[in-house]
2 protein chains.
Amino acid sequence: MNALFNCISQYHPISLGAWKALSRALTQVEVSKNSFLIQEGMVCNHLYFLERGCLRGYYMLDGKEITYWFGFENNFVTSFYSFISRKPGVENIQVLEDSTLWRISFEALNQLFDHHNDLERLVRIINEQYYIRLEERLMGLQFKTARERYEQLIETSPHILQRISLGQIASYLGISQETLSRIRSQV
Amino acid sequence: MNALFNCISQYHPISLGAWKALSRALTQVEVSKNSFLIQEGMVCNHLYFLERGCLRGYYMLDGKEITYWFGFENNFVTSFYSFISRKPGVENIQVLEDSTLWRISFEALNQLFDHHNDLERLVRIINEQYYIRLEERLMGLQFKTARERYEQLIETSPHILQRISLGQIASYLGISQETLSRIRSQV
DNA sequence: CTCCGTTTTTGACATAAGTCAAAAGAAAGG
DNA sequence: CCTTTCTTTTGACTTATGTCAAAAACGGAG
């Protein structure tokens with residue numbers, strides 16, 4: 001649970017009381033490679049923190065898997081739309097490496113908000129940071145060529161290249177895997 | 001200010017005290033067509049609410065204006081990255097029609113958070129809803145053809161077509177204006 | 001109503017990227 | 001260690017989309 005505490009502290013410090021309450025509400029989850037944390041059609045009832053391992057989020061479009069997200073150590077994870085709106089989502093979250101997570105339910109989190117102001121602030125701040133990242137990602141997709149997207153990925157997230165297969169990276173970048181393979185072979 | 005109150009209420013009801021305090025912190029701003037609300041290189045110090053009018057957000061890439069956002073009545077507006085991180089941003093927000101806005105400064109907003117829990121909750125909830133929209137937008141860009149993007153825009157935001165020029169819509173969709181013109185001429 | 005500037009359309013052409021298919025390479029399982 | 005399966009690469013070809021340039025249409029100002 002140390003990893004989570006450290007991660008939180010980088011966003012916004014919380015009181016000891018809030019941390020204790022949060023700890024009590026958390027459950028550890030171990031999941032193994034190729035299993036699913038979340039599947040489409042479900043209402044996602046939990047917010048997760050990924051302590052160890054690696055995940056992939058994707059949805060189906062015309063019979064193809066479209067990867068929209070990768071999760072690594074110290075990332076928060078959920079099917080955001082479903083978790084927030086309490087409706088079934090289209091997202092699947094697949095476990096790419098055996099992973100350790102901590103999770104809290106929607107109800108428990110909202111109860112904590114009522115009693116611990118600083119926790120709600122923490123979540124507000126984390127949401128804002130995640131929003132900024134998503135905005136940057138959008139800008140990276142809107143008008144860049146396949147090569148530019150790949151080069152940007154190398155710069156901003158080189159660790160992805162080590163741990164994710166080429167086909168999944170291509171999907172994440174919005175290009176075909178053949179194209180990515182060719183880009184890679186030409187430096 | 002009624003429009004703002006109504007808009008807020010749809011997300012999360014707030015106490016009368018919170019609303020009074022918020023009202024006092026708001027300033028009305030009138031801006032005229034073709035002026036700029038925010039320009040790149042500035043730190044954006046305000047969060048705006050657009051009561052009447054229409055705005056466009058864009059940034060420069062290789063000497064071209066890339067439109068990433070349109071704002072209409074009842075939208076919240078800011079250069080999000082800059083407002084949150086307190087650093088200069090790359091975004092420009094241009095006024096497309098004479099507009100009326102209300103604004104609150106970063107400092108004032110954060111002071112309100114300290115005294116009015118429900119205001120911070122409101123903002124957290126609004127942020128979450130905006131996050132979901134951005135996610136949907138990202139999915140719409142990642143793997144769709146020019147025609148699919150345009151058809152999706154007609155479905156989800158037909159009002160944009162009435163008020164925005166073709167060139168700017170094309171940019172928003174991540175395609176050239178010639179391509180959009182041709183798509184439109186073939187139904 | 002006419003003129004001027006802006007926006008949209010059209011045409012011709014170039015090119016990035018997708019698709020399909022097969023071969024090569026790497027990883028996993030018995 | 002060999003076999004099977006999955007992933008990556010390569011080739012040939014197609015297609016969607018971008019680019020440049022010019023014409024047409026539109027809209028505001030006087």
Side-chain angles (χ1 to χ4, degrees), chain A residues 32-36 53-54 56 58 60-68 70 92 94-98 139-154 158 160-187, chain B residues 32-36 53-54 56 58 60-68 70 92 94-98 139-154 158 160-187:
Chain A
S32 51
K33 188 168 171 172
N34 290 324
S35 68
F36 285 85
C54 170
R56 169 175 83 108
Y58 71 91
M60 301 303 294
L61 182 71
D62 302 331
K64 279 187 202 160
E65 297 182 357
I66 313 288
T67 299
Y68 67 90
F70 297 113
N92 301 277
Q94 185 187 26
V95 180
L96 297 183
E97 299 171 8
D98 293 354
M139 290 180 174
L141 276 178
Q142 197 175 358
F143 256 106
K144 303 217 167 150
T145 63
R147 157 162 274 118
E148 286 167 342
R149 292 180 201 185
Y150 180 65
E151 283 166 355
Q152 178 177 294
L153 185 74
I154 294 177
I160 290 186
L161 305 179
Q162 260 73 69
R163 293 169 76 176
I164 308 286
S165 76
L166 176 135
Q168 292 176 356
I169 292 174
S171 173
Y172 177 77
L173 295 174
I175 62 185
S176 74
Q177 82 172 18
E178 293 92 331
T179 296
L180 181 55
S181 174
R182 281 183 246 263
I183 287 170
R184 202 154 74 165
S185 71
Q186 295 161 36
V187 177
Chain B
S32 50
K33 188 168 170 170
N34 291 324
S35 67
F36 285 85
C54 170
R56 168 175 84 108
Y58 70 91
M60 301 302 294
L61 182 71
D62 302 330
K64 279 187 202 163
E65 297 181 357
I66 312 287
T67 299
Y68 67 90
F70 297 112
N92 301 277
Q94 184 187 26
V95 180
L96 297 184
E97 300 171 7
D98 294 352
M139 291 181 173
L141 276 178
Q142 197 175 0
F143 256 106
K144 302 218 168 149
T145 65
R147 157 162 273 120
E148 286 166 341
R149 292 180 200 185
Y150 180 66
E151 283 167 356
Q152 179 178 293
L153 185 73
I154 294 178
I160 289 186
L161 305 179
Q162 262 73 71
R163 293 170 76 177
I164 308 286
S165 75
L166 175 134
Q168 292 176 357
I169 292 175
S171 173
Y172 176 77
L173 295 175
I175 61 184
S176 73
Q177 83 173 15
E178 293 91 333
T179 296
L180 181 55
S181 173
R182 281 183 246 263
I183 286 169
R184 202 154 74 164
S185 71
Q186 295 162 36
V187 177

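A note on names: the letters A, B, ... follow the listed sequences, proteins ahead of strands, and every chain is numbered from 1.
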- With distance as the sole criterion, is a donor-acceptor pair present between the side chains of A:Ser32 and A:Ser35 under 3.5 Å? no
- Distance in angstrom units between A:Asn34 CG and D:dT5 P, rounded: 16 Å
- Message: How many whole angstroms separate atom CG of A:Leu166 from atom C1' of D:dT10?
- Response: 13 Å
- From C:dT10, D:dT8, C:dA28, pick the nucleotide closest to the side chain of A:Lys33? C:dA28
- Query: salt bridge (Lys or Arg N to Asp or Glu O under 4.0 Å) with B:Glu97: which residues, sequence neighbours excluded?
  - Reply: B:Arg163
- Note on the structure: By side chain to side chain contact (heavy atoms under 4.5 Å, CB included), B:Leu166 pairs with (sequence neighbours left out) B:Gln177, B:Leu180, B:Ser181, B:Arg184
- With sequence neighbours left out, the residues meeting side chain to side chain donor-acceptor pair (under 3.5 Å) with B:Gln152 are B:Lys144
- Grab the CD1-P distance between B:Ile183 and C:dT9 for me, whole Å please. 12 Å
- Message: Between P on C:dT6 and CD on B:Glu65, what's the gap in Å once rounded to a whole number?
- Response: 13 Å
- Message: Using whole Å, what does the distance between atom C1' of nucleotide C:dT15 and atom CD of A:Gln186 come to?
- Response: 14 Å
- Select base, sugar-phosphate, or nothing to describe what A:Ser165 touches, counting heavy atoms under 4.0 Å on all strands. sugar-phosphate
- Quick one: bend of the helix from C:dC1-D:dG30 to C:dG30-D:dC1 from 5 pairs per end, to 10°? 50°
- Query: Distance check: side-chain N/O of A:Arg184 vs OP1/OP2 of D:dT8, anything under 4.0 Å?
  - Reply: no
- Starting at atom CD of B:Glu97, determine the distance to atom P of D:dG28, rounded to an integer number of angstrom. 12 Å
- With B:Gln142, which residues qualify under side chain to side chain contact (heavy atoms under 4.5 Å, CB included), at least two apart? A:Tyr59, A:Ile66, A:Tyr68, A:Arg137, A:Leu141
- Item | Residues forming a side chain to side chain contact (heavy atoms under 4.5 Å, CB included) with A:Ser165, sequence neighbours excluded | A:Gln168
- Message: Tell me every residue that passes side chain to side chain donor-acceptor pair (under 3.5 Å) with B:Arg56, counting only those two or more places apart in sequence or in another chain.
- Response: B:Glu65, B:Thr67, B:Gln94
- B:Tyr58 meets the side chain to side chain donor-acceptor pair (under 3.5 Å) criterion, sequence neighbours left out, with none
- Whole angstrom value for the distance that separates C1' of D:dT17 from NZ of B:Lys144: 18 Å
What N/O pairs connect the protein and nucleotides 18-21 of chain C at under 3.5 Å? Give each pair on its own line.
residue, atom, partner, partner atom, Å
C:dG18, OP1, A:Ser176, N, 3.4
C:dG18, OP2, A:Ser176, N, 3.2
C:dG18, OP2, A:Ser176, OG, 3.0
C:dG18, OP2, A:Thr179, OG1, 2.5
C:dT19, O4, A:Arg182, NH2, 3.1
C:dC20, N4, A:Glu178, OE2, 3.2

- Whole-Å gap separating P (D:dA16) and OH (B:Tyr150): 19 Å
- Task: Report the C-alpha distance between B:Arg182 and B:Glu178 in whole Å, list the side-chain angles of each, state the deciding distance to 0.1 Å, and finish with yes or no for salt bridge (charged side-chain N to carboxylate O under 4.0 Å, His left out).
- Result: CA-CA 6 Å; B:Arg182 281 183 246 263; B:Glu178 293 91 333; over 6 Å; no
